[in-house]
Structures are given as C-alpha cells and as structure tokens.
Amino acid sequence: MSSKSSPPIADRLKDIQPFHVMALLGRARELEAQGKSIIHMEIGEPDFVTAQPIIDAGIKALQAGQTHYTPTMGLPALREAISQYYQSHYDVDVPAHRIAITPGASGALQLIFSVLINPGDAVVLADPGYPCNRHFVRLNEGETIAAQVGAESRYQLTADILKDSWTSNTVAAMLASPSNPTGTIVTADELKAMHAFVSSKNGSLVVDEIYHGLTYDEKAETALSVADDIFIVNSFSKYFGMTGWRLGWLVVPEPYVDAVDRLAQNIFLAAPTLAQHAALAAFKPETIKQLDQCRDEFAARRDYLLAALQEIGFDIPVTPDGAFYLYANCEKFSSDSYQFVSDLLEKAGVAITPGIDFGDHAAHKHVRFAYTTNLENLREGVRRIADFIST
Ligand SMILES: Cc1ncc(COP(=O)(O)O)c(C=O)c1O
C-alpha cells in the first residue's frame with residue numbers, strides 16, 4: 001500500500017543543496033534537443049579526452065584481467081609514483097605510506113571530514129568556495145563557518161581572516177589553491193601564517209590542490225613545502241584529465257594514517273582498480289608533455305576570455321592564477337545573477353554558473369565562467385553575451 005506522507009529521509013538531507021548549475025545544464029540539454037545552439041561555459045571539467053598513454057594503460061590492464069580490488073590505500077606502485085612526483089615536481093619528501101588513493105578528490109574530502117569532525121565541531125571555509133565541502137561537513141554533523149573572502153585577499157583565506165572566524169568549537173580550516181570558483185592561489189607566506197595560527201589552536205589545515213598543474217603564470221607550490229602535517233587533497237580529474245575515471249588522492253599526516261585506512265576500508269574498500277592501473281601512465285614523460293600542451297591551451301583561453309569579458313563590462317578585479325574559471329561581477333547588468341544566468345541561457349544560448357552555487361557572500365552579484373571549451377566557442381560565447389547585454 002502506498003503512503004502519501006513524505007518518506008523518512010534523514011533531517012541532515014534538508015541541508016544538502018543541489019548544484020543549481022546541474023538544473024541549468026539539464027535545461028541547456030533540453031534546448032539543444034530542440035535544435036538550439038548552446039555554448040557551454042558552465043562545465044567544471046576539461047573538454048580534452050584523457051591522454052592516450054593513460055587510455056592505453058587502462059586497456060592493457062583490462063586485458064590482463066585487472067578486475068579485482070586493490071589494497072584499500074591503493075596500488076603500491078601508484079602510491080610510489082605519486083610519492084616520486086612530489087619529489088621530482090615539488091622537491092618535497094612524501095613517503096608512499098602517507099598517500100591514500102581515493103575515488104576522486106571527493107573520496108578524499110569524505111575521508112578527511114569524517115576523520116576530523118565530531119558532532120558540533122566547526123570548520124572554516126572560504127565563501128565563495130567549492131560547495132560540496134560544507135555538505136561533507138554537514139554529513140558528519142559538523143558546522144561550517146563561511147568566511148567571506150573578496151578581491152582584497154584575492155578571494156582566499158588569510159591568517160587574519162582565520163583569527164576572526166575561529167571559534168571555540170572550530171577544529172579545522174580548509175582552502176583550495178587554486179580555488180574554485182576564483183582560480184587564485186595562496187602564497188607560501190600566507191600559508192605559513194595560516195598553518196602557524198591553526199596549529200596554535202590545535203586544529204587541522206586542509207588544502208585542496210586539485211587544480212595544481214593548471215597554473216598559468218607560475219607553478220603552484222604544494223602546501224607540504226610549508227609543513228607535513230597538512231591534509232592535502234588532489235586528484236587525477238583536472239590536470240590529468242581523468243574526471244570520469246574517478247580517481248584522486250589524499251596525503252595524510254602521519255598520526256591519521258591508520259584512521260584513514262580503517263575508514264576507507266569501510267566506506268569504499270578501494271578506489272577503482274582500472275583507473276589506478278591507467279593512472280600509472282599519468283606520470284610518464286610523454287603523458288606529461290601532452291598534459292602540459294592542454295595546460296598551455298587553457299592559458300591561452302584564460303588570456304582571451306579575461307580580456308574579452310572585461311572589455312564588454314564584467315568586473316574581474318583579480319587575474320586568476322589557474323584552474324579554468326573566471327569569477328566575474330555582473331552587477332552592471334543585473335542585481336540577480338541567477339536570473340541573469342537563466343536569461344543568458346534562454347535568450348542568448350550561453351550557459352554559465354550563478355554565484356549562488358559557491359556560497360552566500362555577494363553571490364547574487366557574481367557568475368562563474370568556465371573556459372572548458374575551445375577558443376572558437378569562447379569567441380562565439382562572448383559575441384552572444386555582448387549582443388545580449390546590449391539589448
Ligand atoms: C575544488 C574542488 N575540489 C574537489 C573536486 C572534486 O573532484 P573529483 O572529480 O576529483 O572528485 C572539485 C570538482 O570540481 C573541485 O572543483
């Protein structure tokens with residue numbers, strides 16, 4: 001017998017917001033199905049197909065029957081390869097036993113917040129920032145402290161902001177460098193100051209480095225060069241172009257290794273085996289060469305789009321250092337960025353992301369452009385936006 005009352009879904013789900021951009025993407029697909037042309041500047045993943053050496057390694061692994069679980073913390077050879085990458089790329093010593101292979105950076109985030117949070121504990125996060133973080137905190141019955149960040153701090157947390165935000169129940173602070181949605185990186189000096197402050201409070205610092213490799217003016221240094229008790233999130237999704245393979249990693253401070261291992265054994269047993277074998281090819285020189293070419297293409301797109309959007313009147317006060325996003329103030333055209341984004345999609349056929357997906361702070365004045373489509377499409381997108389705002 002069916003009941004009309006609402007199903008007994010746990011209360012915490014009331015606080016889990018959808019990604020508004022997914023609804024917009026759904027609408028964009030509908031419009032495309034009706035034959036309309038849409039320029040996609042909302043999608044947060046590289047448009048390039050995974051590099052061929054990685055695909056080949058995946059095929060070879062499948063043919064060799066690599067279809068079973070790996071150890072929970074990951075394939076020893078992959079953990080070793082990542083450890084060597086820290087050595088060769090950053091000149092930082094990270095022993096392989098502190099590297100946990102996870103189902104995407106998302107798996108790493110789930111582990112970190114479950115390991116750190118007791119009910120009622122608080123975590124300081126940047127607003128605007130990557131929205132899933134606050135939901136991971138909520139799933140663990142924690143609270144988030146949304147620290148408002150703006151152009152004056154290059155949209156990043158600082159030690160002073162942390163001092164102002166920290167409360168007696170705060171256990172951690174988290175930032176992403178480069179950040180989503182703003183693309184800015186945190187300087188080593190600021191990281192040092194934040195680490196010193198968080199340590200003085202006996203808290204944990206979590207740094208999401210998922211957009212490393214995609215910086216255009218200077219190389220981003222890992223926060224591990226500041227201290228080795230920082231939780232580092234990273235992934236094969238972005239620079240390595242493997243979003244759909246669902247593979248990331250977590251660098252775990254030594255005292256937490258056993259807890260992370262036990263938790264991962266229970267939550268997901270192991271990251272996808274096929275993806276792990278494929279990722280062994282990610283660090284080969286020929287792969288890195290291809291990935292760096294993609295990075296150079298992103299750099300050219302950033303340079304074009306930044307100048308073009310500024311020229312038509314968007315305010316982008318801070319040049320993003322990396323990732324593939326531009327976070328722009330659209331106040332000149334609308335006081336409601338969600339409405340602006342909907343109108344732009346319906347009337348001009350351009351899909352972008354509203355500020356509301358990244359927090360509350362000045363969200364109605366901002367939109368995010370993703371340059372995850374080729375230069376020709378970006379030029380057409382800008383032409384359509386210019387027409388739209390001039391009418
Ligand atoms: C800042 C940030 N962290 C984590 C993730 C999750 O990535 P993954 O595909 O590795 O789970 C994303 C995805 O867009 C992101 O932007």
Side-chain angles (χ1 to χ4, degrees), residues 17-22 25 40-48 50 54 74 78 82 99-114 123 125-137 139 144 146 149 155-157 172-186 205-215 220 222-223 230-251 264 267-268 271-272 275-276 278-279 282 291 298 320-327 352-353 355 357-359 368-372:
Q17 321 276 312
F19 254 140
H20 293 90
V21 71
M22 295 317 284
L25 182 60
H40 290 278
M41 294 161 85
E42 81 284 37
I43 295 175
E45 64 175 333
D47 48 325
F48 306 105
T50 303
I54 301 177
L78 184 58
I82 295 173
I99 297 166
I101 310 295
T102 54
S106 307
L109 291 165
Q110 198 181 343
L111 289 173
I112 293 174
F113 291 124
S114 305
V123 179
L125 302 171
D127 180 355
Y130 180 59
C132 302
N133 293 332
R134 67 172 187 274
H135 296 140
F136 284 121
V137 173
L139 285 177
T144 49
V149 293
Y155 299 105
Q156 285 287 0
L157 294 175
M174 158 141 207
L175 58 98
S177 175
S179 122
N180 177 4
T182 66
T184 55
I185 58 179
V186 162
L205 187 59
V206 181
V207 180
D208 183 342
E209 299 188 342
I210 188 170
Y211 292 101
H212 270 221
L214 294 175
T215 54
T222 174
I230 300 175
F231 285 88
I232 302 290
V233 177
N234 210 322
S235 174
F236 288 94
S237 286
K238 310 288 173 162
Y239 169 70
F240 295 100
M242 296 178 68
T243 43
W245 300 73
R246 309 308 304 128
L247 200 66
W249 75 86
L250 168 61
V251 181
I267 298 185
F268 42 72
Q276 293 190 62
L291 301 178
F298 279 127
D321 306 292
F324 27 62
Y325 308 117
L326 293 174
Y327 190 64
I352 59 173
T353 306
D357 267 345
F358 308 103
R368 186 193 74 177
F369 294 86
Y371 40 94
T372 47

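Order of listing sets the numbers, starting from 1, for every ligand and every atom in it. Keep in mind that this is a model prediction, so the values were computed, not measured.
Any N or O atom pair closer than 3.5 Å counts here, and Ala105 shares at least one such pair with ligand 1.
Interface of Arg246 with ligand 1, defined as ligand atoms under 4.0 Å from a residue heavy atom, comprises 8 (P), 9 (O), 11 (O). The ligand atoms of ligand 1 that sit less than 4.0 angstrom from a heavy atom of Ser237 are 8 (P), 9 (O), 10 (O). Here is the list of ligand 1 atoms found below 4.0 Å of a heavy atom in Gly104: 10 (O), 11 (O). Using a 4.0 Å cut-off to heavy atoms of Lys238, the atoms of ligand 1 that qualify are 13 (C), 14 (O). Taking a cut-off of under 4.0 Å to the non-hydrogen atoms of Ser235, the atoms of ligand 1 that pass are 10 (O).
At a threshold of 4.5 Å between non-hydrogen side-chain atoms, the residues Gln276 and Leu247 count as touching. Looking at Phe19 and Pro131, their side chains come closer than 4.5 Å, going by heavy atoms from C-beta outward.
One option in Asn180, Asp208, Asn133 has a heavy atom closer to atom 2 (C) of ligand 1 than any other, and that option is Asp208.
There is a side-chain donor-acceptor pair under 3.5 Å between Thr222 and Glu209.
The protein heavy atom nearest to atom 15 (C) of ligand 1 is Tyr130 CE1, 3.4 Å. Protein heavy atom nearest atom 7 (O) of ligand 1, with residue, atom name and distance: Ile210 CD1, 3.3 Å.
With a heavy-atom cut-off of 4.0 Å, Glu45 does not touch ligand 1 at all. Proximity of Ser106 to ligand 1, defined as any heavy-atom pair under 4.0 Å, is shared by backbone and side chain alike.
Closest heavy-atom contact between Tyr239 and Gly213: CD1-O, 3.5 Å. Between Ala108 and Leu250, the shortest heavy-atom distance links the atoms CB-CB, 3.8 Å.
The CH2 atom of Trp249 sits 9.5 Å away from the CD1 atom of Ile210 when rounded to the nearest 0.5 Å.
The closest approach between Tyr211 and ligand 1 falls below 4.0 Å for a heavy atom of the residue.
Residues Phe298 and Phe48 place their aromatic rings such that the two centres sit under 6.0 Å apart.
Between Phe136 and Phe113, the ring planes are parallel. Angles under 30° get that label, and only those over 60° would be called perpendicular.
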